[in-house]
Amino acid sequence: MRFTRITFGKLALALVIAVASGTSFAADNVGFVYVSPIGDAGWTYQHDLGRLQLEKETDVTTSYVENVAEGADAERVIREMAKRGDKVVFATSFGYMNYALKVSKSFRNTAFVHVTGYKLGKNMGLVNARFYEGRYLTGVIAGEMSKSNVLGYVAAFPIPEVLQGINAFIKGARSVNPEAELRVIWVNSWYDPGKERQAAMTLMSQGADIITHHTDSTAVVQAAEEEGKYAFGYHSDMSKYGPRAHLTATTHHWGDYYVKTVKDVQAGRWAPISVWGGYAQGMIRLAPLNDAIPADLQARIRDMEQQITERKLHPFAGPVVDQAGKTIVAEGKTMTDEQLNKMNYYVQGVVSKIPNN
Amino acid sequence: METSILSSILFATIVAGTPLIIVALGQLIAEKAGVLNLGAEGMMAMGAITGFAVTLHSGNPWLGVLAGMFAGAAMSFIFAVVVLTLMGNQVASGLALSILGVGLSAFIGKSYESEILPTVGALRIPLLADLPIIGEALFNQQALVYFSWALFAGMVWFLYRSRPGLVLRAIGESPSSAHSIGYPVIRIRYLATLFGGAMAGIGGAFLSVFYTPLWVEGMVSGRGWIAIALVVFATWRPFRVLVGAYLFGGVMVAQLFVQGSDLDISIPSQLLSALPYLATIIVLVIISRDRNTVRLNAPVSLGQPYRPEG
């Protein structure tokens, strides 16, 4: 098993080598396009864990290009991967969607998979994860453990995926603690540790004793550690950045999906479908629970994980009521995927006002 | 409750403004000598990773700041050789320096991404810190906050009250006149550029060692560019740099507070996020709108190469 690390400068070189060595590839290669550096935690790091699992469990080789901007660069990178004969190309950021789709039309023998998008192609499938399932569980923990009943959330951009997380979190908290309220601060950046930290500090000074974030750095967990408050990580287990503060984290796991997809492609049974997996598919898990969480609560969380896996518990089961008091989902009903994908409101319990309406 | 919120807004404002002040004042000296170095972002990134690495290995944050300072100065030395000795274009070279610094810091920092530093405690100034409201916010701060004030005071004195400061300004105004009466234009420009780089390095180290004690690629997040813009909008006057930096920090912090509160405001968060930039530009443009002030303070030879004759 060998993987080649390819940066922009080396891409041309790699192509020359690939051409020079002809088509005598011993194994199929799978390409990954990453939007940010792999780093030590975060969105891309989790995808890279999936890539490593793929190398371990199948006979393919893999290569990746990190830090690819969501623009013309992305198209170039995806095209090079297809051109050199990669069997499957995974494009792991929302903004790659149109470029991946465009390239997929010129390379019908390559399978493309785009992560978090909504456009399917003849040879382009989609995958996304139900991050909100983990958020709901962390909300339950927060609702039980908060003393001030004020929770804080540092968020990047008000898009449905982020709002699902926020709303699931407060719904989880309110399911066990009707007094709980959530304050949200938007930093309008996926990644600005200084600003994320400032937002976290602000929330804690406004009374929040448990905070979480939907941004890419570990700054929020660190800030909570410093202030003696609690925090939930996101994307990855961030416990080493706040061993005391880090209660758990909603983590993403793409490896099983990557392995299955690649095996399907190799066996010729792959179809370009849209996969939205969660607990049931092993795509969402909680990081190890901190000992600060009481044992009986830990047991309840484990039980709820089981229920979510078996679809007996749905974070957006009715009643879902928005901030203005309008019922979105009636009691006894469950929110549909279509409704989830169009979420543009806060549910009750969020005290901040949504910024753009 | 009200006063404690005010105090924490003030506290956060000062912290947010500090790296901008240090970097912008350093740039101001370089620009006053006629050297436009757009590489602040890159120099800050190098200062941040060097400061972080040295602090991690030595356990001493002050050694880290010192190392960050040298890293920033070293970066600016490359720039100085290119533009002052080799007469390269200042704008292009500065942009290149920014890209180089951001990339190089990411490369060096690869193995440091999983590391964290212990938080450095604040330096409390006795008596002053006990003042109501402002005491905690102003006098229970990181030592580099006091450094930024000392830097400001020193710079005002240097530029407007000392002879070397006068020479520096003369060189920025008219390098050929300064040269003709015997001042070593190139050498002084070297020194001013190195000073600017050193301050950018300290500003970067402040981010990675004190502000968010961690290293991640791209953590400077545009603060170098904001510092450069501040110098221009402040019409090259130290006091206005100070005002602009705190204004920027203050509006940023205040908008976070507003968002987190249950105040019923319906301003799009994108606009709120842009507010610090807008407010700073508007205020500085208004206080600097007098054309004569601009003309008096803008270094005439800014960005132009100078080759001493004879």
Side-chain angles (χ1 to χ4, degrees), chain A residues 7 36-42 45 66-67 150 152-158 181-189 191-208 211 216-223 225-227 240-243 350-357, chain B residues 1 4-5 7-9 11-13 15-16 19 48 103 106-107 109-121 206-208 211-223 249 252-274 276:
Chain A
T7 53
S36 56
I38 294 170
D40 192 56
Y45 180 75
E66 55 181 341
N67 222 353
V150 180
Y153 209 111
V154 178
F157 293 99
E181 60 171 55
L182 179 62
R183 292 171 186 264
V184 182
I185 292 184
W186 300 95
V187 290
N188 277 290
S189 166
Y191 187 75
D192 181 342
K195 219 165 159 189
E196 291 168 46
R197 175 194 167 83
Q198 203 65 66
M201 289 294 187
T202 304
L203 288 164
M204 290 186 284
S205 77
Q206 289 175 334
I211 57 176
D216 231 4
S217 90
T218 54
V220 171
V221 174
Q222 270 189 315
E225 179 82 9
E226 271 174 54
E227 294 291 300
K240 87 174 145 200
Y241 300 94
V350 183
V351 292
S352 310
K353 293 288 173 244
I354 204 154
N356 50 353
N357 55 1
Chain B
M1 186 64 193
S4 82
I5 285 184
S7 176
S8 50
I9 290 183
F11 181 90
T13 298
V15 176
F107 176 70
K110 205 76 201 161
S111 57
Y112 289 99
E113 282 184 330
S114 56
E115 306 287 350
I116 41 170
L117 292 177
T119 311
V120 184
F206 176 80
L207 292 178
S208 67
Y211 191 41
T212 44
L214 56 88
W215 164 257
V216 271
E217 185 179 339
M219 69 179 296
V220 177
S221 302
R223 286 179 180 80
M252 189 186 94
V253 171
Q255 65 97 359
L256 294 178
F257 267 86
V258 169
Q259 281 200 48
S261 74
D262 42 14
L263 291 174
D264 196 359
I265 43 117
S266 47
I267 307 170
S269 70
Q270 291 85 345
L271 185 64
L272 277 176
S273 294

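Worth knowing before you read on, the calculation uses all heavy atoms, side chains too, and leaves out hydrogens, waters and symmetry mates. All of these numbers come straight from a predicted model, not from anything done at the bench. Letters go in sequence order (proteins before strands), and every chain restarts at 1.
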Would a distance-only check, ignoring hydrogens and angles, find a side-chain to backbone donor-acceptor pair under 3.5 Å from Q259(B) to S352(A)?
-> no

Would you mind reporting whether P37(A) and K110(B) have side-chain heavy atoms less than 4.5 Å apart?
-> yes

Are any of the side-chain heavy atoms of E217(B) and N67(A) separated by less than 4.5 Å?
-> yes

Residue, of E113(B), Q255(B), M219(B), E115(B), that accumulates the most heavy atom pairs under 4.5 Å with chain A = E113(B)

Among A199(A), G194(A), A223(A), residue most engaged with chain B (heavy-atom pairs, under 4.5 Å) = G194(A)

Side chain, backbone, both or neither of Y191(A) within contact of chain B (heavy atoms, under 4.5 Å) | both

Choice from L182(A), V184(A), I38(A) maximising heavy atom contacts with chain B below 4.5 Å = V184(A)

Which atom of A219(A) lies closest to which atom of T212(B), heavy atoms considered | CB-CG2, 4.4 Å

How about P213(B) and R197(A): do any of their side-chain heavy atoms sit closer than 4.5 Å?
-> yes

So, do Q198(A) and Y211(B) sit near enough that their side-chain heavy atoms are less than 4.5 Å apart?
-> yes

With chain B, which of T218(A), L203(A), T202(A), V351(A) has the greatest number of heavy-atom pairs at distances under 4.5 Å?
-> T202(A)

Of K195(A), E181(A), E225(A), the largest count of non-hydrogen pairs under 4.5 angstrom with chain B goes to K195(A)

So do the side chains of M252(B) and V187(A) get within less than 4.5 Å of each other, counting heavy atoms only?
-> no

